[in-house]
Amino acid sequence: MIPLGTDRPLSRPTVVNHILVAVNVIVFGIIALAGLESDHAHETVDLIQQRWMLMPSFQEPWRLVTYAFLHDMRSMWHLAGNLMFLWVFGPNVEDRFGRLGYLVFYLLSAAAAGATHIVFSNGPALGASGAVAAVTGAYLVLFPRTQIRVLFIFFLIGIIHMSALWFVSIQILLNILKPLFRSNDSVAYAAHLGGYTFGITVALLLLVFKILPSETFDMFHLLRQARRRAEMREARRQVERERKESVYVDTQTEKTVDAQISEMQRPIAELRARIATDLGNAQLADAVRGYKELIEKYGLVAGAGTMPRRQQLDIANYLFQNQDFSLAVVAYERFLESYPRDAQAGHVRLMLAVIAGRYLHQPQRARTLAEEALAGLTNADEIAIARELIAETVASGR
């Protein structure tokens, strides 16, 4: 499986990641030229690489970084494979970490992966794969639901889409399983796994200690949601157990059980009431902050994340206008789930199509939504936009 791209938009141009890619290519080219200009090409290349590659020792610590910019000169695939992963996953991680933070992270990732290799392996190593593994590990934590466009080669060749959660998890699993079946393989699997561990750990710690602001769909947020959902399920089960274990259920007991269930819903009701008050006072920014809190804390509770239709639409539109597209998608989708036959359903599907096609780079989803929206649109301008989106996806061949 070869990653080709993601549907995650960038908030700033990529700089550091492109420089890292360029440095790897330049180093490869310099070593290749040095070999061509020598009468003993292989010996020259070997001498250069032996001077800078990773050796099974900590005596020359600078090798923990330099090895990550060297690649197997006998095959372009070693370089091309690493740089393809770095090209696809690096920009979004740089976008979240910041340029300087990403550079420091990348170099420390190379060192961590190299150190892991020294501890668990006896041979030398070279290549950016350990550092790249750390980048993809961080990507798993920061963007687990992002869709990855993948060239899939297995009997048949085709392009498929899968979430980063599945794609990166499969890569990690392969790096765990392959050494069990390929004892003579020269691939530095320990460095890969060390890189994944470092990237995942760093990204989680940055989120836990709030050095990096949490987003609605990052792994930390998903784990918190899963924990809250488990707690609420356990609370409900406890209430049911107490009800079943009671031999004599009198009226007062019934009221107590109902009160326990109501207590679980109270913070949700209070937060929804606060959002509604802010909307009524035209304080949209405050209402949206409340809605974000509602989704983060109680988004998995049935009906909790959907306000009355007008309020839900106002929140979704405000999020769209302020370019918070990931949460706007959630708000619009919740509207459609609760009000599928509403007069505004066509407009909402069109807004989702615009976000998918022009901001999240999801042409297939944009086309499907635009086609569905056409059936419910009456405004000429909106119909024109829907047809334009469909035409764009047809023209792009996707």
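Treat the numbers as computed from the prediction; the structure is a model and nothing was measured.
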Trainee: Parallel, tilted or perpendicular: which fits the ring planes of Phe198 and Phe105, with parallel below 30° and perpendicular above 60°?
Mentor: parallel
Trainee: Without swapping roles, check the side chain of Gln312 against the backbone of Met307 for a donor-acceptor pair under 3.5 Å.
Mentor: yes
Trainee: With respect to Asp342, which candidate in Arg309, Arg349, Arg310 satisfies the salt bridge (charged side-chain N to carboxylate O under 4.0 Å, His left out) definition?
Mentor: Arg309
Trainee: Show your reasoning for whether salt bridge (Lys or Arg N to Asp or Glu O under 4.0 Å) applies to Glu293 and Arg289.
Mentor: CA-CA 6 Å; Glu293 183 181 348; Arg289 279 193 288 271; over 6 Å; no
Trainee: Using every non-hydrogen atom in the two residues, find where Arg334 and Tyr291 come nearest and quote the distance to one decimal.
Mentor: CG-OH, 4.0 Å
Trainee: For Ser129 and Asn82, which heavy atoms make the closest approach, and how far apart are they?
Mentor: CB-OD1, 3.3 Å
Trainee: Could you report the tightest heavy-atom contact between Val93 and Phe89, atom names first, then the distance?
Mentor: CG2-O, 3.4 Å
Trainee: For Tyr359 and Phe325, take the angle between the two ring planes, folded into 0 to 90°, and tell me which bin it lands in: parallel under 30, tilted 30 to 60, perpendicular over 60.
Mentor: parallel
Trainee: Quick check: closest heavy atoms across Pro124 and Met55, and the distance to 0.1 Å?
Mentor: CB-SD, 3.9 Å
Trainee: Using modelled atom types only, decide if a donor and an acceptor are shared between the side chain of Thr146 and the backbone of Ala164 within a distance under 3.5 Å.
Mentor: no
Trainee: Considering non-hydrogen atoms only, spot the tightest contact between Thr201 and Thr197 and give its length.
Mentor: OG1-O, 2.7 Å
Trainee: Angle between ring planes, Tyr106 versus Tyr102, binned at 30° and 60°: parallel, tilted or perpendicular?
Mentor: tilted
Trainee: State, to 0.1 Å, how close Asn17 and Trp87 come at their nearest heavy-atom pair, and which atoms those are.
Mentor: ND2-CA, 4.0 Å
Trainee: Grouping I, L, V, M, F, W and Y whenever their side-chain heavy atoms are under 4.5 Å apart, do Phe85 and Leu174 come out in a common cluster?
Mentor: yes
